[in-house]
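Report on one structure; see the data block that follows.
One is the number of the first residue; the rest follow in order along the sequence. Both backbone and side-chain heavy atoms feed into the values below; hydrogens, waters and symmetry mates do not. Treat the numbers as computed from the prediction; the structure is a model and nothing was measured.
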Amino acid sequence: MEVRIGVLHTPREITLESRQQPEEIEQTVAEALAGKAGLLSLEDEHGRKVLVPSDRLAYIDIGDPAARRVGFGAV
């Protein structure tokens, strides 16, 4: 699952591939925004953790990873 995180006052977004289910990611984000956790903590597919202070979150985009096209004839 591809997750893109927008952070306030930062021109670039954080993008990670996660093995977590979309519902689980949504639950974690909701808890961080509700103030139950001071940090949004997500784990990528390599086991690394991404921590973002919940008061700095601008947006979260949860979706399937885009299929990468290979070759000159990919249209």
Side-chain angles (χ1 to χ4, degrees):
M1 186 62 48
E2 182 181 60
V3 180
R4 293 186 303 158
I5 304 168
V7 181
L8 292 176
H9 309 298
T10 304
R12 295 185 63 182
E13 60 190 19
I14 300 168
T15 303
L16 64 114
E17 293 288 330
S18 178
R19 293 183 183 164
Q20 294 173 300
Q21 296 298 317
E23 297 81 20
E24 186 179 352
I25 294 170
E26 186 176 353
Q27 172 92 19
T28 304
V29 171
E31 288 175 1
L33 292 176
K36 295 181 181 177
L39 290 173
L40 170 63
S41 175
L42 296 174
E43 189 172 320
D44 72 1
E45 62 184 8
H46 302 290
R48 295 179 292 224
K49 286 201 172 207
V50 175
L51 303 170
V52 180
S54 58
D55 63 341
R56 299 286 183 219
L57 293 173
Y59 64 89
I60 306 289
D61 182 24
I62 304 169
D64 292 327
R68 301 189 190 265
R69 298 185 218 169
V70 178
F72 293 106
V75 178

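- Rounding to the nearest 0.5 angstrom, the gap separating the CZ atom in Arg19 from the CE atom in Met1 is 13.5 Å.
- For the side chain to side chain contact (heavy atoms under 4.5 Å, CB included) test with Leu42, the passing option among Lys49, Glu24, Arg48, Gln20 is Gln20; the others fail.
- Ile14 is connected to Val29 through a chain of hydrophobic side-chain contacts under 4.5 Å among Ile, Leu, Val, Met, Phe, Trp and Tyr, so both are in one cluster.
- Summarising the geometry, atom CD1 belonging to Ile60 is positioned 7.0 Å from atom CG belonging to Leu33; distances are rounded to the nearest 0.5 Å.
- For Glu31 and Gln27, the side-chain atoms include at least one donor-acceptor pair closer than 3.5 Å.
- Judged by distance alone, with hydrogens and angles left aside, the side-chain atoms of Ser54 form no donor-acceptor pair with the main-chain N or O of Leu40 at under 3.5 Å.
- Taking all atoms of both residues into account, the shortest heavy-atom contact from Ser18 to Glu43 is OG-O, 3.0 Å.
- Residues Arg4 and Thr15 form a side-chain contact, since some pair of their non-hydrogen atoms from C-beta on lies under 4.5 Å apart.
- Considering every non-hydrogen atom in both Leu8 and Ala58, the closest pair reads CD2-CB, 3.8 Å.
- Considering CD of Glu45 and CD of Glu2, their distance stands at 10.5 Å, rounded to 0.5 Å.
- Taking all atoms of both residues into account, the shortest heavy-atom contact from Thr28 to Ser41 is CG2-O, 3.6 Å.
- Expressed to the nearest 0.5 Å, how far CD1 of Ile62 lies from CD of Gln21 amounts to 11.5 Å.
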**OP:** Let me see the working for Ile5 and Leu16 under side-chain contact (heavy atoms from CB on, under 4.5 Å), right down to the final yes or no.
**Re:** CA-CA 9 Å; Ile5 304 168; Leu16 64 114; 4.1 Å; yes

